[in-house]
Protein chains: 2
Amino acid sequence: MDTTSIVNALDGAGYRLTGPRRALATLIARRTGHFTATELVDEAHAKRLRVGRATVFRTLEVLEALGAVERLDLPSGDHAYVVCRRAHHHHVVCSRCGRTSEIDDGGLRFLVSEIARRTGYRVDDHRLELFGLCPACMATLPGPTSVSA
Amino acid sequence: MDTTSIVNALDGAGYRLTGPRRALATLIARRTGHFTATELVDEAHAKRLRVGRATVFRTLEVLEALGAVERLDLPSGDHAYVVCRRAHHHHVVCSRCGRTSEIDDGGLRFLVSEIARRTGYRVDDHRLELFGLCPACMATLPGPTSVSA
DNA sequence: GTTTTTGCAAACCATTTGCAGGGTC
DNA sequence: GACCCTGCAAATGGTTTGCAAAAAC
């Protein structure tokens, strides 16, 4: 995901292209793993960018609504964000380096409708989050070489 | 879930059976839907129970570790809890009345291993949360009678 | 020129913590 | 009696808000 895509998303939705928003688009586009609003605030501050705390939260809110970013709830209870391409999907999150990979709905769609049928609920929304170790982090890890699921 | 089961869980794990913990066990056992720590604090206060704010949080933490309760992350970002029976499972949450139903792992287990295979991650943990309308709430709803998933 | 955005700082609010007193085993 | 728990109240830390100035269209 590059800066331009995020900026275009804002522009296309009728939001004004301001300095702070462009700056944030760049910071976010550079991210590889998940990040928190506070991390973004600190990074902007460290780089002497003119971006206030409130603006970071407000921009993330807009970007989430536009589907350019998605909010994750980490097992720790923290709220983190990840950049994303499509509107709805799910992620595998590496609990060591924070890297995320998108996963497609595949069998999940069927699973959800099956659950709706069994419980009698009308299911409007669902969230699936997976946590573990990405291939790169596994490689740097000591111990047994065998891999379990 | 009744008060006794929760108390037994605490006792069995070596925790002391104190007044506040018994009181909380009762409040929690009576809950049908999801609830927040703050709601519990307020309810205890309203009923003049001798239970401090900190104790509510500390007790919920213990109960979660024991698997008597599970924490949900609602789409709103709020943290809520639900009583539960087995150690690991997932929930469908009614976004209108808050009622929850447990759902079994069923096809999910396969789905998770499939995702691990495709992404190369070692998946250690996963969370699936479904949101929608429970049968009772659907029945009280105006509008078209047809149901969609 | 009108409308949106921003930054700041204060307000908010859920959650955590330190610690002295009280309860449980 | 030793150790675990509790309440309180203060500290914490993420997130939101009010508002006047600044920027975008």
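Residue numbers start from 1 in every chain, and the chains themselves are labelled A, B, ... in the order their sequence lines are given, proteins ahead of strands.
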inquiry  = Whole angstroms only, please: what is the CG-P distance between B:Asp78 and C:dC12?
reply    = 18 Å
Per-nucleotide protein contact string for nucleotides 18-25 of chain D, where B marks a base within reach and S marks sugar-phosphate only (heavy atoms under 4.0 Å, - for neither) = B----BBS
Check: A:Gly33 main-chain N/O paired with A:Thr100 side-chain donor or acceptor under 3.5 Å = no
key: salt bridge (Lys or Arg N to Asp or Glu O under 4.0 Å) partners of B:Arg109, counting only residues at least two apart   = B:Asp105
query = Is there a residue in residues 33-53 of chain B whose heavy atoms reach under 4.0 Å of DNA chain C, and which residues are they?
reply = B:Ala37, B:Thr38, B:Arg53
query = According to a 4.5 Å side-chain heavy-atom criterion applied to Ile, Leu, Val, Met, Phe, Trp and Tyr, with indirect links allowed, do A:Val83 and A:Val62 form part of one hydrophobic cluster?
reply = yes
request  = Specify the separation, in whole Å, of atom CD of B:Glu61 and atom C1' of D:dC5.
outcome  = 14 Å
inquiry  = Suppose we screen for side-chain contact (heavy atoms from CB on, under 4.5 Å). Which residues come up paired with B:Arg21, at least two apart in sequence or across chains?
reply    = B:Leu10, B:Tyr15, B:Arg16, B:Thr18, B:Thr59
request  = To the nearest Å, give me how far apart CG (A:Asp73) and P (D:dG14) are.
outcome  = 16 Å
inquiry  = Suppose we screen for salt bridge (Lys or Arg N to Asp or Glu O under 4.0 Å). Which residues come up paired with A:Arg118, at least two apart in sequence or across chains?
reply    = A:Glu114, B:Asp104
Inter-axis angle, terminal five-pair segments of the helix from C:dG1-D:dC25 to C:dC25-D:dG1 [nearest 10°] = 40°
key: Value in whole Å for how far the P atom of D:dG7 lies from CZ of B:Phe57   = 13 Å
ask   = Can you find a side chain N or O atom of A:His79 that sits less than 4.0 Å from OP1 or OP2 on D:dG14?
value = no
task = Mind jotting down which residue pairs meet the salt bridge (charged side-chain N to carboxylate O under 4.0 Å, His left out) criterion with at least one end in residues 49-60 of chain A? Sequence neighbours excluded, please.
result = none
Any residue meeting side-chain contact (heavy atoms from CB on, under 4.5 Å) with B:Thr4, in chain and number order, not counting sequence neighbours = B:Asp2, B:Asn8
key: Listed partners of A:Ala44 passing side-chain contact (heavy atoms from CB on, under 4.5 Å), at least two apart   = A:Leu27, A:Leu49, A:Val51
key: salt bridge (Lys or Arg N to Asp or Glu O under 4.0 Å) partners for A:Arg31, two or more places apart   = A:Glu39, A:Glu43
Identify each donor-acceptor pair in which a side-chain atom of residues 71-82 of chain A lies under 3.5 Å from a protein atom, sequence neighbours left out, and give them as a table.
residue : atom : partner  : partner atom : Å
A:Asp73 : OD1  : A:His79  : NE2          : 3.1
A:Asp73 : OD2  : A:Arg127 : NH2          : 2.4
A:Ser76 : OG   : A:Asp78  : N            : 3.3
A:Ser76 : OG   : A:Asp78  : OD2          : 3.2
A:His79 : NE2  : B:Gly77  : O            : 3.4

inquiry  = List the residues meeting side-chain contact (heavy atoms from CB on, under 4.5 Å) with A:Thr119, not counting sequence neighbours, and say none if there are none.
reply    = A:Ile115, A:Tyr121, B:Val92, B:Ile103
